[in-house]
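Note that the structure is predicted; figures quoted are calculated from it, not measured. Protein chains get the first letters and strands the later ones, always in sequence-line order, with residue 1 at the start of each.
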Amino acid sequence: MTDYRTHTCGELNSKNNGENVLLSGWINKKRDHGNLLFIDLRDNYGITQCVIDNKNNLFKNIEKIPLETVVQFEGQVVKREKDTINKELSSGEIEIKIINFKILGTTKELPLPVFSDQEYSEEIRLKYRFLDLRRSKIHKNINLRSKVISFIRKEMENFGFLEYQTPILTSSSPEGARDFLVPSRLNPGKFYALPQAPQQFKQLIMVSGFDKYFQIAPCFRDEDARADRSPGEFYQLDIEMSFVSQKDIFNVVESLLNNIFEKFSTKKILNKKFPKITFFDSMLRYGTDKPDLRNPLEICDLTEIFTRQDVKFEIFKKLVNEGSIVRAITTKKTIGKSRSFFDNIDKWAKQEGSSGLAYFTFEKENNKIFGKGPIGKFFSPEACQEIMKISNAEIGDSIFFSCGKKKDVEKLLCLARNKIAEDLKIINENLFAFCWIVDYPMFETDEKTGKIKFSHNPFSMPQGDINKINFNKPLDIKAYQYDIVCNGIELSSGAIRNHIPELMYKLFEIAGYDKKIVDEKFSGMINALSYGAPPHGGIAPGIDRIIMLLANEKNIREVTMFPLNQNAQDLMMNAPSKVEDNQLKELNINIIKKK
RNA sequence: GGGGGUGUAGCUCAGUUGGUUAGAGCGAUCGCCUGUCACGCGAUAGGUCGCGGGUUCGAGUCCCGUCACUCCCGCCA
């Protein structure tokens with residue numbers, strides 16, 4: 001095949017019996033019996049067992065080769081005896097009887113073992129990423145990533161999309177995340193920004209008449225890391241289409257994601273037609289706009305119940321009277337659960353900083369419904385019945401209440417949904433549960449400043465008849481704005497764009513940007529929209545998160561070849577690094593020294 | 001910016017209420033072993049217990065500070 005090998009380490013089997021072959025790879029593992037030596041030779045494709053005994057005068061030399069040395073073995077394919085076949089290996093029916101060898105690359109003592117199921121500190125893994133990447137699990141993840149991206153490209157082309165590239169050096173935008181800035185040598189004192197997403201460019205591509213755009217686009221945001229969020233860069237499947245409405249984009253993305261997840265995972269897709277949940281509903285039923293629909297638990301609002309005369313739970317009644325809300329989670333058939341099950345959940349809620357989760361179980365005796373549990377006695381049979389009606393509960397189900405400010409209740413019950421479901425073990429891990437979150441509000445109130453701001457994407461089209469929108473009630477304006485959520489993970493955001501300049505000015509004005517600022521900050525786009533822009537819209541699924549779901553990984557670094565660490569440093573390449581004074585001078589930059 | 005966790009041999013970890021010379025597995029080096037596939041057996045080397053300070057007769061262990069990694073909150077249109 002090449003000068004170095006006739007076969008890879010994954011492809012030989014009993015059909016090759018007797019052939020003379022040349023294999024090259026890394027010494028994965030040695031099993032040295034003194035007069036008989038087994039060597040597992042590894043490459044990208046697999047492992048082949050090579051064997052030599054002391055009748056061969058090369059034995060003493062080969063015995064001494066350290067693990068992870070790169071070697072070439074010349075040898076003969078030999079069928080293994082039946083009881084020595086290794087079913088774990090694709091090449092397990094055969095082995096290579098070594099005739100000759102050549103060392104192609106020596107190794108120093110390893111800072112981390114390659115052949116091992118042990119976990120290692122991130123620090124050492126990232127510093128020696130090239131060794132870490134040899135390890136089987138992450139090696140497979142990275143190859144999976146490559147295959148998925150390649151599949152996406154083919155699919156998108158089948159759907160009639162063309163891939164267009166957009167600039168990496170662009171302008172800073174006032175909205176959104178912190179920018180990575182790049183100083184301009186030719187324009188002293190001015191800076192480029194790396195794109196947070198090719199948002200404006202993809203819209204300009206539509207205005208330019210290209211119709212269906214996609215790109216595996218790098219996105220740069222200078223924000224702090226999380227387990228599922230790289231600092232620095234990440235990749236989106238950026239999509240934009242002209243002359244479409246929301247449903248057209250949904251159709252494309254649903255079939256794309258169905259195809260990807262069916263091809264690359266054995267897990268089932270719960271609903272191939274992704275359910276659509278309004279933002280408002282999602283916040284009510286799940287306490288979040290990224291609900292995990294594998295979790296059957298739902299939240300309901302019971303504030304009204306605590307205004308009833310026959311409900312005597314005075315603490316909640318007082319709080320409700322003062323403007324608090326009450327919401328609750330019901331659990332099915334939990335009548336038999338131990339006291340500690342309930343108390344643990346209450347205790348957990350207190351650890352989360354809340355005042356706890358009051359609870360009781362619906363029971364029936366002598367045809368009378370009552371609540372059994374710490375606060376059950378405060379509810380009349382009629383009140384219980386009403387609660388059961390609102391919460392779809394039955395006799396034998398339990399209910400957990402949270403009372404407080406809307407935001408706090410949502411947050412706690414969102415976490416409680418997960419906690420309780422985990423305790424009850426009712427989350428099916430073998431599912432992908434997709435949904436659309438739709439009808440996002442165009443604006444929201446900034447909690448710190450009290451001012452109106454864009455809640456999502458400022459370029460989104462508001463819903464309804466454009467001539468009838470009531471701009472005096474901006475918080476009531478909904479946008480053609482949507483997210484895809486899978487298993488509680490936000491996979492993508494998108495929108496039908498606002499292609500009407502006057503409307504755009506109007507909306508920006510509400511968010512506190514006057515015409516002058518809009519013209520300055522979004523000049524490219526607002527200008528383009530003034531010369532015949534088609535109605536258009538798009539979406540941008542996160543590639544990294546798709547791979548994480550497919551590879552069943554919780555950390556984005558497990559599906560990224562060369563990630564930065566949490567402090568946005570590359571420990572292998574030593575980035576970021578200091579630069580020479582003359583480089584700074586050329587860029588007209590002074591470093592201010594911190595005290 | 002804030003909170004939690006971790007830091008002991010090249011790697012993964014143990015180390016009791018503070019008490020003699022800090023241990024194990026893997027790896028390395030050396031020796032034995034012809035059918036292993038996490039091969040087995042024996043020996044040897046390998047340590048500023050992250051760093052600095054304090055308490056104490058005595059600190060890996062307690063206290064204070066600091067650094068690194070990680071998880072979370074803030075942030076992420």
Salt bridge [X]-[Y], side-chain N to carboxylate O under 4.0 Å:
X: K478(A); Y: D439(A); answer: no
X: E558(A); Y: R125(A); answer: yes
X: K405(A); Y: E410(A); answer: no
X: R545(A); Y: D228(A); answer: yes

(request) Compare the ring of H33(A) with the six-membered ring in the base of rU36(B) and state whether they stack (centres under 5.5 Å, planes under 30°). (result) no
Taking any strand in view, what nucleotide pairs with [N] in a Watson-Crick or G-U wobble way, both distances under 3.5 Å?
N: rG58(B); answer: none
N: rG7(B); answer: rC67(B)
N: rA14(B); answer: none
N: rC39(B); answer: none

(message) Test: side chain to side chain donor-acceptor pair (under 3.5 Å). Region: residues 72-85 of chain A. Which pairs qualify, not counting sequence neighbours?
(response)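 Output for this query is empty, none listed.
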(message) Once side chain to side chain donor-acceptor pair (under 3.5 Å) is applied, what residue pairs with a partner in residues 497-526 of chain A remain, sequence neighbours excluded?
(response)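 As it turns out, the side chain to side chain donor-acceptor pair (under 3.5 Å) pairs with a partner in residues 497-526 of chain A, which skip direct neighbours, are E175(A)-Y513(A), E240(A)-R497(A), Y505(A)-D519(A).
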Ignoring hydrogens and angles, state whether a donor on the side chain of [X] or [Y] is under 3.5 Å from an acceptor on the partner side chain.
X: Y440(A); Y: D483(A); answer: yes
X: E93(A); Y: S14(A); answer: yes
X: S282(A); Y: D289(A); answer: no

How many whole angstroms separate atom [atom1] of [X] from atom [atom2] of [N]?
X: E88(A); N: rA38(B); atom1: CD; atom2: C1'; answer: 12 Å
X: K79(A); N: rG35(B); atom1: NZ; atom2: C1'; answer: 18 Å
X: F59(A); N: rU34(B); atom1: CZ; atom2: P; answer: 9 Å
X: N54(A); N: rC33(B); atom1: CG; atom2: P; answer: 9 Å
X: N28(A); N: rU36(B); atom1: CG; atom2: C1'; answer: 14 Å
X: I556(A); N: rC76(B); atom1: CD1; atom2: C1'; answer: 12 Å
X: R229(A); N: rC75(B); atom1: CZ; atom2: C1'; answer: 7 Å
X: K453(A); N: rC76(B); atom1: NZ; atom2: C1'; answer: 11 Å

(request) Starting from the 5' end of RNA chain B, give me the residue, S455(A) or D40(A), whose nearest nucleotide shows up first. (result) D40(A)
Which nucleotide in the set [options] lies at the smallest distance from any side-chain heavy atom of [X]?
X: R178(A); options: rG10(B), rC75(B), rG35(B); value: rC75(B)
X: N35(A); options: rC11(B), rC69(B), rU34(B); value: rU34(B)
X: E223(A); options: rC76(B), rU36(B), rU12(B); value: rC76(B)

NA contact type, [X], heavy-atom cut-off 4.0 Å: base, sugar-phosphate, or nothing?
X: S121(A); answer: sugar-phosphate
X: P111(A); answer: sugar-phosphate
X: K108(A); answer: nothing
X: E68(A); answer: nothing
X: I124(A); answer: sugar-phosphate
X: Y120(A); answer: sugar-phosphate
X: Q199(A); answer: base

Write out a two-atom table: protein N or O, nucleotide N or O from nucleotides 25-32 of chain B, distance below 3.5 Å.
| residue | atom | partner | partner atom | Å |
| --- | --- | --- | --- | --- |
| rG27(B) | OP1 | K29(A) | NZ | 3.3 |

Polar atom pairs (N or O), protein with nucleotides 70-73 of chain B, under 3.5 Å:
| residue | atom | partner | partner atom | Å |
| --- | --- | --- | --- | --- |
| rU70(B) | OP1 | Q566(A) | N | 3.2 |
| rU70(B) | OP2 | Q566(A) | N | 3.2 |
| rU70(B) | O3' | R557(A) | NH2 | 3.3 |
| rC71(B) | OP1 | N555(A) | ND2 | 2.6 |
| rC71(B) | OP1 | R557(A) | NH2 | 2.7 |
| rC71(B) | OP2 | R557(A) | NH2 | 3.4 |
| rC71(B) | OP2 | Q566(A) | NE2 | 3.1 |
| rC72(B) | OP2 | A227(A) | N | 2.9 |
| rC73(B) | OP2 | R226(A) | NE | 2.7 |

Set of ring-ring contact (aromatic ring centres under 6.0 Å, His included) partners for [X], sequence neighbours left out:
X: H139(A); result: none
X: F180(A); result: none
X: F59(A); result: none
X: F434(A); result: F261(A), F274(A)

(message) Given the structure, check if the side chain of R125(A) and the base of rC11(B) hold any donor-acceptor pair shorter than 3.5 Å.
(response) no
(request) Check R327(A) against I299(A) and note the closest heavy-atom contact, atom names and distance. (result) CB-CG2, 3.8 Å
(message) Tell me every residue that passes side-chain hydrogen bond (donor to acceptor under 3.5 Å, both in side chains) with K451(A), counting only those two or more places apart in sequence or in another chain.
(response) none
(message) Just to verify, what does Q196(A) make a side-chain hydrogen bond (donor to acceptor under 3.5 Å, both in side chains) with, not counting sequence neighbours?
(response)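 side-chain hydrogen bond (donor to acceptor under 3.5 Å, both in side chains) check on Q196(A) returns D179(A).
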(request) Return no unless some side-chain N or O of R31(A) is found under 4.0 Å from OP1 or OP2 of rC39(B). (result)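 Yes, such a contact exists.
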(message) Expected output is a numbered-order residue list: members of residues 512-525 of chain A with a heavy atom under 4.0 Å from any atom of RNA chain B. What is it?
(response) none
Check nucleotides 2-7 of chain B against the protein and report each pair of N or O atoms closer than 3.5 Å, with its distance, or say if there are none.
none

